[in-house]
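Please read the structure below before turning to the comments.
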Amino acid sequence: MSKVVICDHPLIQHKLTFIRNKETNTKDFRELVDEVATLMAYEITRDVPLDTITVETPVATTESKVVSGRMLGLIPILRAGLGMVEGMLKLIPAAKVGHIGLVRDHETLQPTEYYINLPTDAANRQLIVIDPMLATGGSAIAAINSLKKRGCDQIRLMCLIAAPEGVKAVQDAHPEIDIYLAALDDALNEKGYIVPGLGDAGDRLFGTN
Ligand SMILES: O=P(O)(O)OC[C@H]1O[C@H](OP(=O)(O)OP(=O)(O)O)[C@H](O)[C@@H]1O
Ligand SMILES: O=c1cc[nH]c(=O)[nH]1
Ligand SMILES: [Mg+2]
């Protein structure tokens with residue numbers, strides 16, 4: 001079974017409080033999501049393989065580490081996943097970015113894919129699917145299905161906030177996928193929103209609705 005990692009660094013938990021607060025305006029919300037994405041990028045890349053190279057310091061020649069040639073790819077789920085991309089690229093500037101557009105029907109909660117554009121070498125990359133919200137899990141599962149259909153098999157999932165229902169659904173559908181979260185919340189409400197959550201991530205990021 002995969003692991004679920006809660007990135008509970010104090011700075012992440014602090015910023016998440018302001019992200020949750022309904023009084024936080026769009027500009028601050030966007031900046032905070034960006035900052036938390038940077039901090040989570042640090043955690044999700046903790047196990048990337050390293051190579052050893054020789055480097056000359058002003059004092060001596062020494063062996064030192066660099067991130068190995070293994071390539072990363074970021075796959076934000078549109079729209080809300082976009083809010084986390086720049087923050088991650090600050091730490092992983094060489095990553096390529098692919099996009100999957102999914103929208104969840106407000107009544108049925110079923111996701112529909114309306115767009116996909118991946119790096120041509122996506123199947124050779126370690127991919128990180130990014131979405132602030134893991135609610136029923138339908139969108140994350142659909143995104144991972146889409147990636148697997150195109151030959152990608154190195155995939156992990158990164159979300160700000162998840163409901164237990166969403167975590168279980170992803171684990172049932174894709175048991176090998178590791179999930180990185182800033183918080184695991186209590187439940188879903190009758191409208192499919194995470195409680196306590198943060199509301200509609202896309203609307204809060206882009207000022208819609
Ligand atoms: O786990 P699920 O039940 O599938 O719900 C989570 C999805 O819902 C939201 O997207 P939404 O459909 O609102 O699209 P948007 O990002 O364009 O607002 C969110 O960003 C996730 O993609
Ligand atoms: O709470 C939720 C659930 C799904 N999508 C959101 O943006 N928020
Ligand atoms: Mg939305």
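We count ligands from 1, going down the list as the structure has it; atoms in each ligand are counted the same way. Hydrogens, waters and symmetry mates are skipped; everything else that's a heavy atom, side chains included, is used.
- Here's the thing with Leu109: none of its N/O atoms is less than 3.5 angstrom from an N/O atom of ligand 1.
- When distances to the Mg ion (ligand 3) are checked against a cut-off of 2.8 Å, Asp203 contributes no N, O or S atom below that limit.
- At under 3.5 Å, not a single nitrogen or oxygen of Leu134, backbone or side chain, sits near a nitrogen or oxygen of ligand 1.
- With respect to atom 6 (C) of ligand 1, the closest heavy atom belonging to the protein is Met133 O, 3.5 Å.
- Here Ala201 has no heavy atoms under 4.0 Å from ligand 1, in either its backbone or its side chain.
- With atom 8 (N) of ligand 2 as the reference point, the heavy atom nearest to it among Ala80, Gly199, Gly197, Ala201 is part of Gly199.
- In the vicinity of Arg104, heavy-atom distances shorter than 4.0 Å reach the ligand 1 atoms 2 (P), 3 (O), 4 (O), 5 (O), 8 (O), 12 (O).
- Residue contact check for ligand 1: Val103 places a non-hydrogen atom closer than 4.0 Å to it.
- Among all non-hydrogen protein atoms, the one lying nearest atom 4 (O) of ligand 1 is Ser139 OG, 2.6 Å.
- Atom numbering of ligand 1 starts at 1 in the shown order; those under 4.0 Å from a heavy atom of Asp131 are 19 (C), 20 (O), 21 (C), 22 (O).
- At the top of the distance list for atom 14 (O) of ligand 1, counting protein heavy atoms only, stands Leu102 O, 3.9 Å.
- Those atoms of ligand 1 with a heavy atom of Gly137 less than 4.0 angstrom away are 1 (O), 2 (P), 3 (O).
- Taking any N or O of Arg79, backbone or side chain, at least one lies under 3.5 Å from an N or O belonging to ligand 1.
- Here the protein heavy atom with the shortest distance to atom 1 (O) of ligand 2 is Ile194 N, 2.8 Å.
- Numbered from 1 in the order shown, with element, the atoms of ligand 2 that lie under 4.0 Å from a heavy atom of Arg104 read 3 (C), 4 (C).
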